[in-house]
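To start, the structure under review is shown below, and the notes come after it.
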Amino acid sequence: MRGAQRVGAGPGRSRWPRLPTSGIKPTGSQSPSALRSWRTPSACSWSTRIHPMRRNSTRAGKLPYLMDGKNKITQSNAILRYIARKHNMCGETEEEKIRVDIMENQIMDFRMQLTKLCYSADLEKLKPQYLEQLPGQLKQFSLFLGKFSWFAGEKLTFVDFLTYDVLDQNRMFEPRCLDEFPNLKAFMCRFEALEKIAAYMQSDRFFKTPINNKMAHWGNKRIC
C-alpha cells in the first residue's frame, strides 16, 4: 500500500472509506498509515484546493479518489469495497455476501431520501412527511438485523460502517428516531464501542459535521 493517497470530496460520505481502516486490524503487507494519511477538504473549498490533474488522472475524473500504486479508484462505495476486500470485510459465506449486497443497496436508497430532503428548498414543509414515514423505514432495518450483532450476521462487514453512518445522520435529524428499536440502538452502541472506532471518534481526525455540502439546508455546518 506504499504511496497510497486518498482525497475526500464531501463532508459526509468521505467518512465511509476512512472508518474501516480505523476499525480493523490490517494483515500482511498492507499499510494502514498510508490509508489514514488522506486529507479531507472542506465542503466549500474542495474543488479549488485539489489540483485538476489529480481528478483528471482517475477513470471518472471525480472526487473522492483513491490512488493505491497503479490502482486509481473513484466513487465512495467503490473505494469502500476496495478497502473492504483487502480486509475480508465483504462477507465470507454466501448468505453473508447476499446480506451485504442487500444492505449496501438498501442503505443507499435510505440515505438518498434524507439527502434529497436536506437539499430541498422546501425542507421545513417536507420534514413532517419524512418524519412520518421514518419509523416504517427503520422497522425494516430492525427486522433485517433481528438478533444478529451485525447486518451480515455475526461478522463485521463494510455495510455496518455505511449503516451506522446513515442511522447516525437520521439520529441527528431526529434524536428520538431509534427509541422504538432497541436492536438498532444496541447496534449503534456496539459499533461505537469497537476499540479502534472509539479511539478514532475521540481523535481530532474525526468530524461529525458537516454531513452535507454548503448549499444544503441542513447538516451543512461544522459544529465543534
Side-chain angles (χ1 to χ4, degrees), residues 12-28 30 32 35-36 75-115 131 133-203 205-209 211:
R13 295 183 64 175
S14 63
R15 294 196 299 181
W16 304 354
R18 175 159 43 180
L19 277 170
T21 61
S22 300
I24 58 179
K25 182 178 181 180
T27 58
Q30 298 162 13
L35 286 175
R36 288 198 296 264
Q75 297 292 351
S76 297
N77 278 11
I79 293 171
L80 185 58
R81 269 191 172 272
Y82 177 84
I83 297 171
R85 284 196 300 271
K86 287 180 172 290
H87 297 285
N88 193 27
M89 296 184 70
C90 294
E92 295 182 352
T93 68
E94 188 64 22
E95 180 181 0
E96 288 175 348
K97 292 176 182 178
I98 290 172
R99 290 178 66 88
V100 164
D101 290 344
I102 291 172
M103 273 303 300
E104 180 185 12
N105 287 277
Q106 192 66 30
I107 203 65
M108 289 305 300
D109 289 346
F110 186 38
R111 175 186 290 277
M112 291 309 299
Q113 292 177 31
L114 180 58
T115 300
L131 294 179
Q133 59 83 45
L134 183 56
Q137 295 267 17
L138 294 173
K139 182 178 180 180
Q140 295 303 311
F141 291 109
S142 176
L143 291 173
F144 190 85
L145 178 62
K147 296 182 179 181
F148 287 129
S149 297
W150 307 107
F151 277 90
E154 295 305 320
K155 177 180 171 56
L156 185 72
T157 63
F158 78 93
V159 294
D160 295 304
F161 295 83
L162 290 175
T163 304
Y164 173 85
D165 196 40
V166 177
L167 292 181
D168 188 45
Q169 290 183 16
N170 276 272
R171 185 171 58 178
M172 292 166 60
F173 192 74
E174 172 46 66
R176 297 172 296 176
C177 70
L178 298 182
D179 288 354
E180 297 180 24
F181 308 100
N183 65 337
L184 293 183
K185 292 184 70 174
F187 162 80
M188 301 293 281
C189 292
R190 189 178 302 117
F191 185 89
E192 292 168 353
L194 292 169
E195 181 180 357
K196 292 189 178 182
I197 291 296
Y200 167 64
M201 294 180 76
Q202 292 172 10
S203 73
R205 294 184 295 115
F206 175 76
F207 56 88
K208 196 173 184 69
T209 58
I211 61 173

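For Ser142 against Phe181, the heavy-atom pair with the smallest separation is CB-CD2, 3.8 Å. When all heavy atoms of Gly153 and Phe148 are compared, the closest pair comes out as O-CB, 3.5 Å. Across all non-hydrogen atoms, the minimal contact from Ala152 to Val100 is CB-CG2, 3.8 Å. In plain terms, the two heavy atoms of Phe161 and Met89 that are nearest each other are CE1-CE, 3.2 Å.
Using a 4.5 Å heavy-atom threshold, the side chains of Phe144 and Ile102 count as touching. In this structure the side chain of Val159 never reaches within 4.5 angstrom of the side chain of Ile107, judged on heavy atoms. Looking at Phe191 and Ile197, their side chains come closer than 4.5 Å, going by heavy atoms from C-beta outward. Side-chain contact between Glu104 and Leu162: present, with at least one pair of heavy atoms (C-beta onward) separated by less than 4.5 Å.
Separation of atoms CG (Leu134) and CD (Gln137) is listed at 7.5 Å; rounding is to 0.5 Å. Within the model, atoms NZ of Lys147 and CG of Asn183 stand 10.5 Å from one another, a figure rounded to the nearest 0.5 Å. To the nearest 0.5 Å, atom CG of residue Leu156 and atom CG of residue Leu194 are 6.0 Å apart. With rounding to the nearest 0.5 angstrom, the OG1 atom of Thr163 is 12.0 Å from the CG atom of Asp168. Note that the CZ atom of Arg171 and the CE atom of Met188 stand 3.5 Å from one another [nearest 0.5 Å]. How far CE of Met108 is from OG of Ser76: 7.5 Å, rounded to the nearest 0.5 Å.
Taking Gln106 as the reference, nothing meets the side chain to side chain donor-acceptor pair (under 3.5 Å) condition, with sequence neighbours excluded. For Arg99, there are no side chain to side chain donor-acceptor pair (under 3.5 Å) partners two or more places apart in sequence or in a different chain. By the side chain to side chain donor-acceptor pair (under 3.5 Å) test, Gln202 is found to be paired with no residue, residues two or more places apart in sequence or in another chain being considered. Under the rule for a side chain to side chain donor-acceptor pair (under 3.5 Å), Thr115 has no partner lying at least two apart in sequence or in another chain. In this structure, the ring pair (Phe, Tyr, Trp, His ring centres under 6.0 Å) partners of Phe151, at least two apart in sequence or on a different chain, are Phe187. Remark: Ala78 engages Ile73, Gln75 in a side-chain contact (heavy atoms from CB on, under 4.5 Å) (not counting sequence neighbours). The salt bridge (Lys or Arg N to Asp or Glu O under 4.0 Å) search around Glu180 returns none, not counting sequence neighbours. For Glu174, the salt bridge (Lys or Arg N to Asp or Glu O under 4.0 Å) partners are Arg176, not counting sequence neighbours. Under the salt bridge (Lys or Arg N to Asp or Glu O under 4.0 Å) criterion, Arg85 pairs with no residue at all, not counting sequence neighbours. Phe141 pairs by the ring pair (Phe, Tyr, Trp, His ring centres under 6.0 Å) definition with Phe110, not counting sequence neighbours. In this structure Lys97 satisfies the salt bridge (Lys or Arg N to Asp or Glu O under 4.0 Å) test with no other residue, sequence neighbours excluded.
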(Q) Applying side-chain contact (heavy atoms from CB on, under 4.5 Å) to Leu114 and Met172, what does each step give before you reach the verdict? (A) CA-CA 11 Å; Leu114 180 58; Met172 292 166 60; over 6 Å; no
(Q) With side-chain contact (heavy atoms from CB on, under 4.5 Å) as the criterion, how do Ile98 and Glu94 come out once you've worked through the C-alpha distance, each side chain's angles and the decisive distance to 0.1 Å? (A) CA-CA 6 Å; Ile98 290 172; Glu94 188 64 22; 4.1 Å; yes
Q) How far apart are the C-alpha atoms of Asn170 and Leu178, what are their side-chain angles, what is the distance that settles it, and do they pass the side-chain contact (heavy atoms from CB on, under 4.5 Å) test? A) CA-CA 9 Å; Asn170 276 272; Leu178 298 182; over 6 Å; no
Q: Mind running side-chain contact (heavy atoms from CB on, under 4.5 Å) on Asp179 and Lys185 for me, showing each step along the way?
A: CA-CA 7 Å; Asp179 288 354; Lys185 292 184 70 174; 3.6 Å; yes
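Within 6.0 Å of atom CD in Glu192, more than 12 heavy atoms from other residues, nucleotides or ligands are found, so the atom counts as buried in its surroundings.
The stretch residues 154-164 participates, sequence neighbours left out, in these salt bridge (Lys or Arg N to Asp or Glu O under 4.0 Å) pairs: Glu92-Lys155.
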